[in-house]
Amino acid sequence: MEILGIDIGGSGIKGAPVNIETGQLVTERYRIETPTLSTPDAVANSVAQIVHHFHWNDQPIGCTFPAVIKQGVVYTAANIDKSWIGTNGESLIRQKTACSVTLLNDADAAGIAEMQFGAGKGQSGVVIMLTLGTGIGSAIFVDGKLLPNTEFGHLQIRGKDAEHRASSRVRTEKNLGWKKWATRLNEFLEQMEALFFPDLFIIGGGVSRKQEYFLPLLKTRAEIVPAQMRNQAGIIGAALAASVNINKF
Ligand code: BGC
């Protein structure tokens, strides 16, 4: 079965049909820039553009979003237009695309994909996936089951949100060397370990491509590994989440 997965991010909106049995993209992904003013209407129109690009009519789609999502409604807006708060993103995208929509947090989607087909495949116990990008996204799994909408990137470290000290964006903006950045990440990981005692950390986000520069500098009790699905994790996880919803009905 194929489901269209769409990954809504701060800079780009990317989509591709996914074979949900194999976790492979069926065609090359299609990307458009996220509108500068990323209001609900503007973003939903961009999603519709991707849906039309793939001639996806009346079929299910899965969409990620960088916020807390409960029953389709957006609850937070750390790195997106504040007008999203309170918006039912699922209904809005359904109206614009005429497709049934499953909307979920971006890191949860990436985690779902990694657990099914990537670095977390077959892992029992407690697994924490962290995505290091504009913000810090998180997903936590217990014996493969997701606890949705964890927001560990907002844990307070030295009086600041962890993502304001240790995201990939902060590294670039503050021109931090790998060692300095790793020190900040270690402070965050230490807190995670003290609170959750995970068995495995999976580190994702664009910067995981450069894992050889910083992963060896991270000091955790738990095993720590790079994500495997790279920039496809969101798309694949969104499609998988939508497939679970279909099976429910
Ligand atoms: C948001 C999360 C999101 C993460 C990564 C954070 O600022 O609060 O919901 O998963 O960024 O995009």
Side-chain angles (χ1 to χ4, degrees), residues 5-15 31 33-35 38 40 43 46-47 62-90 93 102-115 120 127-141 146-157 159-174 181 184-185 188-189 191-192 196 198 201-209 226-227 229-238 240-241:
I6 297 179
D7 193 10
I8 302 176
S11 56
I13 304 180
K14 304 132 259 174
R31 179 187 192 277
E33 293 289 310
T34 306
S38 55
V43 171
S46 302
V47 170
C63 275
T64 75
F65 202 72
V68 168
I69 311 287
K70 287 173 88 70
Q71 283 86 40
V73 177
V74 177
Y75 277 73
T76 59
N79 296 306
I80 43 157
D81 197 88
K82 304 288 176 236
S83 60
W84 273 99
I85 294 178
T87 301
N88 189 320
E90 263 181 17
I93 297 171
T102 299
L103 191 70
L104 76 159
N105 173 265
D106 54 358
D108 284 350
I112 289 170
E114 289 292 335
M115 292 302 287
V127 178
I128 295 182
M129 161 104 193
L130 296 169
T131 61
L132 307 174
T134 309
I136 295 182
S138 59
I140 186 163
F141 295 83
L146 171 70
L147 169 67
N149 289 312
T150 53
E151 287 282 313
F152 298 153
H154 299 288
L155 192 84
Q156 297 296 293
I157 309 263
K160 273 193 181 175
D161 278 20
E163 71 176 23
H164 292 155
R165 290 184 40 81
S167 68
S168 180
R169 172 167 64 183
V170 169
R171 185 186 71 83
T172 321
E173 280 180 2
K174 293 214 183 295
W181 186 53
R184 291 180 174 213
L185 277 174
F188 173 52
L189 292 168
Q191 289 294 318
M192 291 279 89
F196 298 102
F201 281 109
I202 303 175
I203 303 297
V207 74
S208 63
R209 253 180 321 202
M229 319 209 57
R230 300 287 147 91
N231 59 12
Q232 298 185 348
I235 294 176
I236 296 167
L240 289 173

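The first residue of the sequence shown is numbered 1, and numbering continues consecutively from there. Atoms within a ligand are numbered from 1 in the order they appear, just like the ligands themselves.
- Set against the non-hydrogen atoms of Glu163, the atoms of ligand 1 under 4.0 Å away are 6 (C), 7 (O), 11 (O).
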Q: Applying side-chain hydrogen bond (donor to acceptor under 3.5 Å, both in side chains), run through Asp7 and Thr64 and close with a yes or a no.
A: CA-CA 5 Å; Asp7 193 10; Thr64 75; 2.5 Å; yes

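- If you check which protein heavy atom lies closest to atom 2 (C) of ligand 1, you get Glu151 OE2, 3.3 Å.
- Selection from Ile80, Asp106, Ile69, Leu132 by nearest heavy atom to atom 3 (C) of ligand 1 gives Asp106.
- One distance of note links CE of Met115 with CG of Leu240; it measures 12.5 Å at 0.5 Å rounding.
- In terms of modelled atom types and a separation under 3.5 Å, the side chain of Trp84 and the main chain of Val73 share no donor-acceptor contact.
- For the pair Ala67 and ligand 1, a heavy-atom separation below 4.0 Å is found.
- Within the listing of ligand 1, atoms 2 (C), 3 (C), 9 (O), 10 (O) sit less than 4.0 angstrom from a heavy atom of Asn105.
- Using a 4.5 Å cut-off on side-chain heavy atoms (C-beta onward), Ile203 and Leu185 make no contact.
- Taking 4.0 Å as the cut-off between side-chain N and carboxylate O, Arg171 and Glu173 do not count as a salt-bridged pair.
- Shown in contact with Ala78 at under 4.0 Å from a heavy atom are these atoms of ligand 1, numbered in order with element: 7 (O), 8 (O).
- Residue Arg209 qualifies as open at atom CZ: its count of foreign heavy atoms under 6.0 Å is 12 or below.
- Heavy-atom proximity to His154, at under 4.0 Å, picks out these atoms of ligand 1: 1 (C), 6 (C), 7 (O), 8 (O).
- For Ile136, the heavy-atom gap to ligand 1 drops under 4.0 angstrom.
- Of the candidates Ser167, Gly137, Ala110, Ser138, the one placing a heavy atom closest to atom 4 (C) of ligand 1 is Gly137.
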Q: Report the C-alpha distance between Glu90 and Ile69 in whole Å, list the side-chain angles of each, state the deciding distance to 0.1 Å, and finish with yes or no for side chain to side chain contact (heavy atoms under 4.5 Å, CB included).
A: CA-CA 10 Å; Glu90 263 181 17; Ile69 311 287; 5.5 Å; no

